[in-house]
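One structure below.
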2 protein chains.
Amino acid sequence: MKLPSGFTAASCAAGLKSSGALDLTLILNNGPKFDAAAVYTSNQVVAAPVIWSKQVTKEKIVRAAILNSGGANACTGPQGFADTHRTAEHVGEVLGISSGEVVVCSTGLIGELLPMEKIISGIDQISIALSTDSLQDVASAIMTTDSVSKIANFKNDHFEISGVAKGAGMLAPALATMLSVVMTDALLPDNAQEIFQRVCDRTYNRIDSDGCTSTNDTVLLMGSGASGFAPSEPELESALMEICGSLSQQLIADAEGSTKTVAIEIKNAASESDAVEVARACARNNLLKCAIFGGDPNWGRVLAAVGTARAHLNPLDIDVTLNGVQVARSSAPFEDRNKVSFENRLVTIEVDLKVGSSNATVFTNDLSHDYVHENSAYAT
Amino acid sequence: MKLPSGFTAASCAAGLKSSGALDLTLILNNGPKFDAAAVYTSNQVVAAPVIWSKQVTKEKIVRAAILNSGGANACTGPQGFADTHRTAEHVGEVLGISSGEVVVCSTGLIGELLPMEKIISGIDQISIALSTDSLQDVASAIMTTDSVSKIANFKNDHFEISGVAKGAGMLAPALATMLSVVMTDALLPDNAQEIFQRVCDRTYNRIDSDGCTSTNDTVLLMGSGASGFAPSEPELESALMEICGSLSQQLIADAEGSTKTVAIEIKNAASESDAVEVARACARNNLLKCAIFGGDPNWGRVLAAVGTARAHLNPLDIDVTLNGVQVARSSAPFEDRNKVSFENRLVTIEVDLKVGSSNATVFTNDLSHDYVHENSAYAT
């Protein structure tokens with residue numbers, strides 16, 4: 001699979017993953033433009049590569065991104081930051097660019113130093129193997145416990161966008177983190193950061209597999225301008241929504257241990273932020289998520305979760321519809337809960353708050369035996 | 001086991017539980033005082049008995065409490081409220097007291113109406129069987145999925161307190177709710193509500209088994225004044241702390257599906273509320289709770305959880321001690337994580353924030369296969 005014009009990349013198995021799979025990837029933007037925007041984890045405790053890359057993207061110029069799986073380089077102290085710095089310096093040297101224009105992303109176990117010699121020799125290896133035909137390998141090299149790689153493409157007559165992502169919201173074990181790189185040959189407008197933040201808020205920030213916020217989450221947008229085309233803002237935003245929306249859905253579909261994808265649709269909230277707050281309260285309610293795993297139409301858990309949200313509610317007048325069956329009207333039993341079918345992977349929970357006209361949907365997963373199993377036996 | 005002087009009670013199997021176990025209990029305060037204080041769930045969606053009882057306890061006079069298991073009477077609409085009202089009215093009639101002085105508590109599945117004929121005939125039966133020797137039955141009748149009943153007693157030369165509780169924080173299935181009644185023969189001061197709120201904030205509100213807030217939680221304090229003794233405020237508060245602290249520990253020890261009790265001790269926070277906020281962020285982090293279930297000393301999950309708290313932190317200077325082993329110093333690896341033993345039920349996580357001098361401990365449980373199992377198969 002080809003990268004958008006202006007980009008080259010290469011990946012290798014540097015030996016960070018004991019499996020011998022691809023674990024290091026380098027993306028180079030060959031220009032003529034080096035536009036960038038980025039969104040990072042909201043966690044106060046952040047990994048060394050996040051501290052570094054935040055500084056880099058502040059200038060909105062990124063020439064290269066180096067990403068590794070097999071280690072998060074989080075909670076690793078001054079040595080961890082020195083390692084990130086050294087990684088960027090080395091990429092800068094071998095490519096003849098400034099290290100201050102190199103984004104670094106890491107993903108894997110927290111609290112362990114990276115094996116730097118492996119990373120340095122991996123960089124040497126891939127920096128001379130850069131090609132335009134390497135999108136699939138980029139997507140593979142950033143996988144941790146993902147069962148499939150995640151790629152999305154957009155193309156019209158004027159420009160194209162390709163995106164990759166790894167992780168499953170924050171559900172992947174040990175907070176192995178969500179990483180995503182979106183590349184386009186379009187010319188990006190001055191307010192690309194603002195547009196990209198808005199897109200991320202409505203895509204990546206609307207998936208919430210387990211409520212756990214990672215130390216490493218990074219979403220990076222790189223624009224080469226190689227198409228010479230400047231899309232209008234709505235055109236760009238819509239294309240980015242398509243890419244990031246697709247990648248988000250791929251993440252939630254592959255969430256660890258999950259047997260269901262759950263769409264929580266909040267309707268008629270007083271504000272969009274209220275709608276998101278209510279949806280998130282449901283997405284983070286373990287009892288509700290266990291019920292969905294068990295195929296149990298226990299709608300009382302929906303209302304109990306809704307009631308914990310810091311949002312404007314009329315507690316006695318809420319409707320709940322589970323997979324098309326209106327099980328509660330005005331916060332009391334309505335249609336027979338036994339009519340609800342849980343045959344499909346997708347479960348839709350509609351909550352009508354009837355206090356306004358704002359809507360939002362958050363996607364989550366069920367809470368399964370496998371989630372507990374996979375997350376209780378990762379580091380040891 | 002005897003009730004404090006001034007109190008009588010009786011319990012029966014009214015037929016609400018299919019098991020035929022005790023499921024209805026009536027507590028009568030015979031005075032001479034009828035002092036009361038109460039604390040309720042913070043959920044916006046509350047059960048009919050909570051709406052009723054909040055009105056009753058506003059007046060700070062409670063003569064009787066009727067409690068049932070086998071049904072929460074939550075999300076049951078106007079009929080549910082009428083049923084609660086009828087329950088209080090009937091207790092008032094048979095005891096010759098005002099229904100406005102009768103607290104009603106219900107616990108069990110949400111979204112189902114109570115079988116009122118069974119409750120009415122149960123009330124008839126127990127109202128003529130009231131005795132002073134019935135504390136154990138009161139504790140048994142409010143159990144849902146509890147494996148043991150929870151009772152605590154305090155006695156000195158002047159007054160005594162007995163308390164019962166059911167549930168396991170909010171961990172019991174279907175939000176089967178936490179209920180607790182604390183009875184004393186002491187004369188309660190005018191600010192009993194304030195004292196009781198403070199005690200609850202530092203006991204019941206510091207256990208958080210699964211982050212799920214119920215629709216029915218009620219903690220009721222009843223004072224008969226039969227001892228004729230008015231303890232000083234510190235003396236009363238200290239005795240109540242002992243009772244409510246003991247009941248809280250009994251709840252967390254019996255939390256559904258749990259294999260570990262986890263004490264999360266936050267030290268040197270900027271404020272007590274910051275300390276509680278950080279502790280709660282850990283207590284609600286599924287990845288951390290899975291790691292503890294697996295006996296995995298994955299301290300990175302502690303710091304990642306701490307970083308999500310809305311509290312003043314110095315993210316690069318936090319110490320973490322797991323069961324006595326200081327696995328992280330200044331947010332970086334310190335002692336070998338493999339030294340940590342998970343042999344005992346109690347797991348202690350100490351987090352030193354080093355930004356102030358306030359401390360707080362929140363108790364939680366691990367997230368286990370059995371938690372998922374028991375909560376995915378309750379209603380069906």
Which value, rounded to the nearest 0.5 Å, describes the distance between E374(B) atom CD and L287(A) atom CG?
11.5 Å
Kindly check if the number of other-residue, nucleotide or ligand heavy atoms within 6.0 Å of CZ (R345(B)) is above 12?
yes
Under 4.5 Å to a heavy atom of chain B? For T308(A) that would be both
Less than 4.5 Å apart, any side-chain heavy atom of N286(B) and any of Y371(A)?
yes
Just to verify, which of V372(A), D366(A), D370(A) counts as forming a side chain to side chain contact (heavy atoms under 4.5 Å, CB included) with V372(B)?
V372(A)
Residue part contacting chain A, namely of S368(B), when any heavy atom lies under 4.5 Å
backbone
Can you tell which part of A311(A) gets under 4.5 Å to a heavy atom of chain B, answering side chain, backbone, both or neither?
backbone
Could you give the distance from CG (L109(B)) to CZ (R301(A)), rounded to the nearest 0.5 Å?
8.5 Å
Tell me which of these, C75(A), A291(A), S330(A), has more heavy-atom pairs under 4.5 Å with chain B than the rest.
C75(A)
Please name the pair of heavy atoms, one in V45(B) and one in P315(A), separated by the smallest distance, quoted to 0.1 Å.
CA-CB, 4.2 Å
What residue, out of C290(A), A332(A), P333(A), has the most heavy-atom pairs lying under 4.5 Å from chain B?
C290(A)
Under 3.5 Å: donor-acceptor pair, side chain of Q44(A), backbone of A309(B):
yes
Between chain B and each of Q79(A), H369(A), K289(A), count heavy-atom pairs under 4.5 Å; write down the option with the most.
H369(A)
Rounded to the nearest 0.5 Å, what separation is found between the CG atom of L303(A) and the OG1 atom of T215(B)?
9.5 Å
Can you say whether A47(B) sits under 4.5 Å from chain A via the side chain, the backbone, both, or neither, judging by heavy atoms?
neither
So which of L313(B), T76(B), V327(B) has the biggest tally of heavy-atom pairs under 4.5 Å with chain A?
L313(B)
